[in-house]
Structures are given as structure tokens and as C-alpha cells.
Protein chains: 2
Amino acid sequence: MTIHEVAARAGVSPATVSRFLRGQSVRSPEAIRAAVDELGYWPSAAAQSLKSGRTHTIGVVVPDITNPYFAAVVKGMESVTRTENYRILLANSDESSEREDHVLADMARRVDGVILAPATERDQTPLKLRDSKVPLVFIDRDLMEGDEFDAVLVDNVDGARQAVEHLLGLGHTRIAAINGPPDTTPGRRRREGFLAALTARGVGIAPEHDLIGDFRESSGYQLTLSLLSLPEPPTAIFTANNLMTLGALKALHDMRVDVPGRISLIGFDDLDTGPLLRPPLTVIDRPMVEQGVLAMRLLLRRLDPQYVDDIPRRIVLGVKLIDRASTAPPKGQHVPPPRARKARPA
Amino acid sequence: MTIHEVAARAGVSPATVSRFLRGQSVRSPEAIRAAVDELGYWPSAAAQSLKSGRTHTIGVVVPDITNPYFAAVVKGMESVTRTENYRILLANSDESSEREDHVLADMARRVDGVILAPATERDQTPLKLRDSKVPLVFIDRDLMEGDEFDAVLVDNVDGARQAVEHLLGLGHTRIAAINGPPDTTPGRRRREGFLAALTARGVGIAPEHDLIGDFRESSGYQLTLSLLSLPEPPTAIFTANNLMTLGALKALHDMRVDVPGRISLIGFDDLDTGPLLRPPLTVIDRPMVEQGVLAMRLLLRRLDPQYVDDIPRRIVLGVKLIDRASTAPPKGQHVPPPRARKARPA
DNA sequence: AGGTCCACTGACAACGGTTTCATTGGGAGC
DNA sequence: GCTCCCAATGAAACCGTTGTCAGTGGACCT
């Protein structure tokens with residue numbers, strides 16, 4: 001089913017069929033349309049790509065699609081591609097930089113652009129992409145010196161700050177953090193925000209309360225157990241992402257620790273089931289779908305020759321605290337007068 | 001960066017470079033390898049596709065990637081493609097058959113095969129795919145008369161039966177079901193299993209307890225509210241998928257209904273947060289990642305000319321009940337002696 | 001009627017690989 | 001030293017589409 005068969009049936013040349021399909025005016029549109037319909041002709045994507053150099057496909061690389069956050073981001077992206085005649089080539093990096101490099105190199109020749117939620121923040125940006133001049137947009141990865149890429153971020157520092165202020169406002173002073181890997185933007189920045197907010201209020205943190213996880217549920221679980229085994233456990237825990245929050249909550253359940261009675265828990269990133277958990281989780285929420293939408297818009301814009309040389313953009317989205325029921329004043333303390341806590345619904 | 005430049009630099013013809021890259025023995029492998037490395041050459045996927053007619057890409061169409069079940073299935077698929085030098089073109093159908101048709105038609109010319117979790121069970125199978133002879137594997141859609149496709153399913157009937165037996169075993173007799181759409185395989189079969197299991201045990205069901213939802217959280221929520229407003233509400237609810245279970249649980253929370261004290265809840269499909277919910281959810285669990293793995297294996301096998309004409313396969317995976325804490329004997333009743341309930345962990 | 005203009009047309013050459021086919025050259029065997 | 005054989009080679013065709021280019025013919029004007 002090639003354009004030649006259509007041309008033959010319509011009694012014109014392939015070039016004319018091609019012109020008709022691209023919207024140019026031709027002598028006998030009806031004949032061609034009829035031939036196309038009867039034959040059920042669709043142009044070969046491969047031939048078109050070869051000729052035009054465009055695949056109308058966007059590569060999307062995320063650490064793990066089963067993480068609800070990334071699923072939401074990808075969904076946002078797809079809502080954009082859908083209306084713009086683009087499609088998504090999806091790959092997981094499994095949080096491995098090697099795997100990520102491999103995937104990126106593979107994609108370089110198959111897509112018009114890439115959106116990447118990087119496994120790590122290593123400075124050497126994917127060379128294969130740079131060479132092949134495939135536009136790249138980062139999700140959750142801050143721009144580095146010399147980067148010529150766009151990025152869509154959330155205000156990680158402010159999110160951590162909000163969490164800390166919230167806990168301090170409740171009267172906590174022994175606050176622990178289960179951070180992400182320091183070589184990732186969210187891992188690094190959320191920790192920075194956490195420490196800075198504590199320091200700004202003159203509250204110290206014990207080194208054994210400042211932990212580094214890997215953003216996976218199991219590390220949230222393990223590190224929470226280690227916090228519980230301390231001679232002086234914290235009265236509140238801040239977890240740097242959704243999966244580690246879940247791990248922490250599981251550990252607290254398993255150890256029969258009352259939340260928030262004995263330990264308060266606040267995590268970065270909300271979950272669909274957040275309100276239904278035991279207890280309902282107080283979290284730092286960010287616009288996930290929107291982050292995907294913006295990243296895709298940024299990328300498609302850069303694909304437009306008109307904007308291809310614009311300076312890289314860095315979009316930072318705000319975050320907000322959702323006050324549910326996993327945080328409360330520490331045992332034997334009461335809310336300090338200056339900032340009363342808002343009543344929480346049910 | 002074409003094969004011609006590599007050939008020129010290595011002092012051979014493009015044909016020889018091509019042969020070298022495809023593993024054939026060549027007079028001067030080192031020279032070619034050097035040229036390839038120095039130039040950073042990667043073959044053009046479009047040109048290869050055009051020539052070979054293969055894209056080495058698999059189209060995956062799911063109703064909604066943010067549903068944890070589909071995310072897990074896709075992850076399983078990707079674990080297979082990764083090792084087989086295939087990649088995944090992902091699209092959401094948003095549970096719309098029109099959208100699904102559109103996506104499928106688009107994919108027909110861009111992929112070697114398609115895995116589809118269909119929005120509905122309509123008999124007219126995607127024509128565009130049939131015409132272009134793109135192999136298709138169904139997820140969660142039973143084969144129909146004349147289908148020449150493979151399918152990977154779970155035992156929906158047995159899952160519903162297990163749920164019913166479990167509730168009956170606890171002493172429930174007023175059991176409601178929030179089913180999925182009857183034009184989907186899981187919607188239809190789970191309802192069939194539910195009704196059959198009740199009938200087999202001689203238990204009736206009031207028509208107003210046999211509800212039809214749309215697999216979305218909101219319908220689980222709404223239908224649960226409607227059940228609660230009945231003069232004789234059920235003592236147990238069976239929800240046909242994860243999202244509707246969540247919706248039901250939310251409604252029960254909002255209406256301050258004690259679960260499982262006043263109403264027991266059991267749903268199809270487990271959730272990562274299942275054990276952490278209030279209460280921990282009793283569910284019918286199925287192997288999600290494995291379902292994706294098997295579907296992809298089936299598809300790649302059919303891509304092999306050797307097996308292309310094998311008769312369609314239909315793989316049915318078993319399901320099992322995970323007994324947590326959202327189900328209990330109905331108020332004022334006790335567990336009937338014949339089948340004692342197993343102690344549940346914490 | 002003849003000339004000019006212009007919208008439309010088809011032949012043809014790409015795009016970047018792979019495959020066929022005839023040819024080359026070196027080694028083995030006598 | 002000559003023949004035979006076969007592995008390796010390059011030229012060329014091809015995959016299906018689109019862009020270029022030099023027409024072609026009809027409409028309109030004088």
C-alpha cells in the first residue's frame with residue numbers, strides 16, 4: 001500500500017498525491033481522496049522520517065513508571081502530544097545512570113526530542129544527545145553550568161522549608177530527615193532546604209538524624225527502623241519522596257509506633273491514597289500533571305525552528321503543604337502560642 | 001553522519017560497513033570499528049525501518065497509565081523489550097474507544113506489534129491493525145469469535161468467586177457489588193463470577209445491590225453513597241477494581257461508616273498502599289508485572305517468522321485473596337463454624 | 001488570434017540504509 | 001606454476017516519501 005498505488009488508481013503521479021495529502025490544491029482532489037479511502041492508504045512513517053528527518057516522536061525517560069508521581073507526569077505529557085500529532089517513546093532508567101545513557105543513546109536516532117527525569121545530577125550531560133542536537137528538557141534536574149537545556153522543576157527548597165516550619169510550629173525540635181541521594185536535584189535541594197530552615201530558626205539536628213536514602217520504599221523502611229533504634233529517637237520525620245514516606249509509614253506500623261502520637265511524619269509528594277492512609281498523610285504536594293504538561297510544551301516549542309535558539313528556560317513550580325493527620329504536637333508539649341494550628345477537617 | 005562517511009574514512013564501501021555492523025566477517029574490521037567510534041556513528045532508525053519494514057518498536061495502549069495496575073503491567077513489558085532490543089510507544093486511550101481507534105490507526109504504521117488493554121470489548125476488532133497485519137496481543141480482553149489474537153488474562157470469575165466465598169464465610173448475606181462496565185472483559189466476567197458464586201450458595205442479591213460503575217474512583221464513590229442511602233444497605237461491598245475500591249473507601253470514610261465494623265469491603269486488585277490504608281484492604285490480588293511480561297513475550301514470539309502462524313494463545317493467570325482487615329463478620333453475627341477464619345497479622 | 005501569466009503537473013533525485021549480483025583476489029590443491 | 005574455489009568486495013537497485021525543476025495547458029488580456 002504505497003503512494004504509487006494510490007497515484008495509479010487516481011490517475012495522477014505520486015507527487016500529486018503527496019501534495020494533496022499535505023493540503024496543497026490539486027486538480028482532482030476527489031479522485032485522490034477516493035483512491036486513498038478505498039485503498040485505506042496511510043503514509044509510511046519510516047519513509048516520511050527518512051525524508052524529513054523528523055520522527056514526530058518524543059522520548060520520555062523516567063526512573064520508574066510505577067512511581068505515581070512519574071505516571072502522573074507522563075500522563076500530563078501525553079495530553080499535550082496528543083493534540084500536537086506527536087507520540088511518546090517511553091523508557092525506565094531504573095535509577096541507573098548507565099541504563100539511562102544506554103536508553104538515551106538509543107533514542108537519539110529515533111526521536112525529535114527527549115524529556116528526561118535523570119537518575120542522577122552528574123555534570124556530564126548525555127553526550128550522544130548533545131552531538132545529535134536532539135533537544136532535551138529536564139524534569140526535576142536543575143540546570144548546571146554550561147547547560148543549554150530547558151528544565152521544569154518544583155521549589156524543593158521551599159517545600160522542605162514548609163515542612164520544617166510546620167513541624168517547628170507544632171513544637172517539634174528533634175526532627176529527622178530521610179533524604180534522597182545527594183547527587184539528584186530533589187535529593188540535594190530538599191536536604192538543603194531542610195537544613196537551612198532548621199538553622200534559620202536556630203534548631204540543631206543530630207548527625208544521626210540526617211539520613212540519606214535512595215528514594216525507594218525499602219530505604220524509607222530501613223532508615224526509619226534505624227531512627228527508632230536510636231537512644232534518642234526523633235519526634236518527627238521528614239521523608240524526601242512518596243515511596244520513602246510509604247516505607248517509613250510501614251516501618252512505624254510494624255514497630256507499633258503511634259503516628260502522630262509518638263512520631264509525626266511528613267513527606268514530599270502526595271499520593272492518591274494519601275487521605276485514606278493510617279493516618280492520613282500530611283505532605284508537601286506539587287503539581288505533577290502540570291509539570292509534565294509544561295515540560296512537553298517547552299520541548300515542542302523548542303522543536304519549532306522559530307524558537308530553537310532561545311535561551312534555555314527554567315520553570316519552577318510552587319508547592320504547598322496539605323495538612324492532614326500524620327503530624328501533631330510532640331508528646332507532652334503543646335502548640336506554642338505564636339502560630340496556632342489550623343483545624344484540620346475530620 | 002551517514003554510513004557513507006564511515007565507509008569513506010575506513011576506506012571501504014558502505015556495503016562493507018553495513019555488513020560489518022551486522023556481524024558478518026570483513027577484511028578490515030579494525031579500520032571500520034575505528035571509523036565508527038571516531039565519528040560516533042549510529043545508523044538511522046528511519047532508514048533501517050524503511051528498508052527492513054521493521055521498526056523494532058511495540059505499541060502499548062492502556063486506558064490510563066496513572067492506574068497503578070497499568071503502570072505495573074507496562075513496567076513488566078518494558079523489562080522484556082529492554083533485553084530484546086525493542087522499545088515501547090505508549091499511549092493512553094482514556095477509556096474511550098474512539099481515542100483507542102485513533103491511536104491504533106496511528107500506531108499501525110509505526111510499530112511491529114501492539115499490546116492493547118482495550119477500553120471496551122466491542123466485537124469489531126481494530127480494522128486498521130488487521131489490514132496492516134500488525135500482530136496484536138490483548139491484555140484483560142477475552143478472545144472473541146474469529147479473533148486471531150493472543151491474550152493474557154486473569155481468572156476474573158474465580159477472583160470474584162473467592163471474594164464472595166470469603167464474605168459468605170464471614171456470615172454476610174446482604175452483599176453488594178460495584179461492577180465495571182459490562183462491555184469490558186473484567187467488568188463482565190467479575191460480575192458473572194460474583195453472581196454465579198452467590199447463586200451457587202443459594203444466596204440472593206437485591207437488584208439495587210448489583211451496581212454498574214465505570215472503573216473510576218468517582219463512580220466507586222457515588223455508587224457507595226447510593227448503597228448507603230438504601231433502606232436496607234448491604235453489610236459487605238465487592239468492588240471490581242482498585243480505583244472503585246478507593247472511591248468506596250473514601251465514601252465510607254466521609255459518611256463515617258465503620259469498616260469493617262458496619263460494612264465490609266473487598267476489592268479486585270491490590271495497591272501498594274493497601275496494607276497502610278484505613279483499614280488495611282482485603283483484596284483479590286493478581287500478578288501485574290508478570291501479566292505485562294507474558295504479554296510482551298507472547299508478542300515478540302509472534303514477531304518471529306517461525307511462530308507467526310501459530311494458533312492464538314490465551315493465557316489465564318491465577319489470582320489470590322489477600323486477607324487484611326477491611327472484612328469482618330457482619331454486626332451481631334458470628335463466624336459460622338464450618339470454615340473458621342484465619343488469624344490475620346496485626 | 002496571439003501572447004502572457006500562473007496554477008498545477010510529472011519525472012527525477014534525494015533521504016540512509018541493506019541486499020543482490022557480478023567481480024576480485026588470495027589460498028589451497030595438484 | 002596453474003587452476004579452482006570461495007570469502008570478501010563494491011556498484012547499483014531498492015524501500016516510500018517529498019522537494020526541485022522544467023514543463024503544460026487553461027484563463028485572461030489585448
Side-chain angles (χ1 to χ4, degrees), chain A residues 1-33 35-36 39-57 85 105-112 128 131-134 305, chain B residues 1-36 39-57 85 87 105-112 128 131-134 305:
Chain A
M1 193 59 39
T2 79
I3 203 171
H4 288 87
E5 303 175 46
V6 177
R9 176 178 264 254
V12 295
S13 75
T16 300
V17 177
S18 173
R19 280 189 272 255
F20 167 78
L21 291 172
R22 316 200 79 237
Q24 298 181 27
S25 76
V26 292
R27 207 104 74 194
S28 49
E30 326 75 24
I32 301 178
R33 182 184 307 282
V36 167
L39 263 30
Y41 168 77
W42 270 68
S44 147
Q48 285 182 318
S49 296
L50 178 58
K51 188 69 175 122
S52 68
R54 315 240 98 181
T55 59
H56 270 260
T57 302
N85 188 26
D106 176 69
M107 282 183 168
R109 285 279 166 165
R110 319 186 86 97
V111 300
D112 294 344
K128 278 286 189 317
D131 296 350
S132 39
K133 311 219 302 175
V134 174
Chain B
M1 192 62 37
T2 79
I3 203 172
H4 289 86
E5 303 175 46
V6 177
R9 176 179 264 255
V12 296
S13 77
T16 301
V17 177
S18 174
R19 281 190 270 255
F20 166 78
L21 291 172
R22 316 201 79 238
Q24 296 182 30
S25 77
V26 191
R27 205 103 76 197
S28 49
E30 329 74 24
I32 301 179
R33 181 185 308 283
V36 166
L39 263 31
Y41 169 78
W42 270 69
S44 147
Q48 284 181 320
S49 297
L50 178 57
K51 185 69 177 130
S52 67
R54 313 238 106 186
T55 60
H56 270 259
T57 302
N85 189 27
R87 29 208 85 56
D106 176 69
M107 281 183 169
R109 285 279 166 164
R110 322 186 82 98
V111 301
D112 294 344
K128 279 285 187 320
D131 296 349
S132 40
K133 313 218 302 177
V134 175

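Protein chains get the first letters and strands the later ones, always in sequence-line order, with residue 1 at the start of each.
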A.B. asks: Please test A:Arg33 against A:Phe20 for side chain to side chain contact (heavy atoms under 4.5 Å, CB included), starting from the C-alpha separation and ending with a verdict.
C.D. replies: CA-CA 8 Å; A:Arg33 182 184 307 282; A:Phe20 167 78; 3.9 Å; yes
A.B. asks: Below 3.5 Å, does any donor atom in the side chain of B:Arg19 face an acceptor in the base of D:dG10, or the other way round?
C.D. replies: yes
A.B. asks: Roughly how many Å is it from CD1 in A:Ile32 to P in C:dC8, rounded to a whole number?
C.D. replies: 12 Å
A.B. asks: From C-beta outward on A:Arg27, which listed nucleotide comes closest to its side chain: C:dG17, D:dC21, C:dC8?
C.D. replies: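 Of the options given, the side chain of A:Arg27 lies nearest C:dC8.
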A.B. asks: Of all heavy-atom pairs between B:Asn85 and B:His56, which one has the smallest distance, and what is that distance?
C.D. replies: O-ND1, 2.9 Å
A.B. asks: I want to check one thing: is the phosphate of D:dA7, taken as OP1 and OP2, less than 4.0 Å away from some side-chain N or O of B:Ser25?
C.D. replies: no
A.B. asks: Using whole Å, report how far NE2 of A:His56 lies from P of D:dT17.
C.D. replies: 16 Å
A.B. asks: For D:dG19, does OP1 or OP2 lie under 4.0 Å from any side-chain N or O of A:Arg22?
C.D. replies: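 Checking A:Arg22 against D:dG19: at least one side-chain N or O falls below 4.0 Å of OP1 or OP2.
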A.B. asks: Measuring to OP1 and OP2 of C:dT18, would you say a side-chain N or O of B:Ser18 lies under 4.0 angstrom away?
C.D. replies: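 For C:dT18, OP1/OP2 do have a side-chain N/O of B:Ser18 under 4.0 Å.
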A.B. asks: Rounded to the nearest Å, what distance is computed from the CZ atom of residue A:Arg54 to the P atom of nucleotide D:dT18?
C.D. replies: 15 Å
A.B. asks: Rounded to whole angstrom units, what separation is found between the CD atom of A:Gln24 and the P atom of C:dC6?
C.D. replies: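 The distance from CD of A:Gln24 to P of C:dC6 comes to 18 Å, rounded to the nearest Å.
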A.B. asks: OP1 or OP2 of D:dT18 sitting under 4.0 Å from any side-chain N/O of A:Gln48?
C.D. replies: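 Yes, because at least one side-chain N or O of A:Gln48 sits under 4.0 Å from OP1 or OP2 of D:dT18.
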A.B. asks: Please report, rounded to the nearest Å, how far the P atom of C:dG16 is from the CD1 atom of B:Ile3.
C.D. replies: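 Computing the B:Ile3:CD1 to C:dG16:P distance gives 12 Å.
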A.B. asks: Counting heavy atoms from C-beta on, name the nucleotide in C:dT18, C:dC15, C:dT19 closest to the side chain of B:Ala15.
C.D. replies: C:dT19
A.B. asks: Measuring from the side chain of B:Ser13 (C-beta onward, heavy atoms only), which nucleotide among C:dT19, D:dG10, D:dG16 has the closest atom?
C.D. replies: D:dG10
A.B. asks: Does A:Met1 reach a base, just sugar-phosphate, or nothing at all? Heavy atoms under 4.0 Å.
C.D. replies: nothing
A.B. asks: Out of A:Thr16, A:Val17, A:Leu21, which residue meets the side chain to side chain contact (heavy atoms under 4.5 Å, CB included) rule with A:Val26?
C.D. replies: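 Of A:Thr16, A:Val17, A:Leu21, side chain to side chain contact (heavy atoms under 4.5 Å, CB included) with A:Val26 is met by A:Thr16 alone.
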A.B. asks: Does the pair B:Arg110 and B:Thr57 meet the rule for a side chain to side chain contact (heavy atoms under 4.5 Å, CB included), with working shown?
C.D. replies: CA-CA 7 Å; B:Arg110 322 186 82 98; B:Thr57 302; over 6 Å; no
A.B. asks: For a quick check of understanding: with a heavy-atom distance under 4.0 Å over all strands, which category does B:Phe20 fall into, base, sugar-phosphate or nothing?
C.D. replies: nothing
A.B. asks: Is the phosphate of D:dG10, meaning OP1 or OP2, less than 4.0 Å from a side-chain N or O of B:Thr16?
C.D. replies: yes
A.B. asks: Could you tell me which non-hydrogen atom of B:Leu50 sits nearest to which non-hydrogen atom of A:Leu50, and how far apart they are?
C.D. replies: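 That would be CD2-CD2, 3.2 Å.
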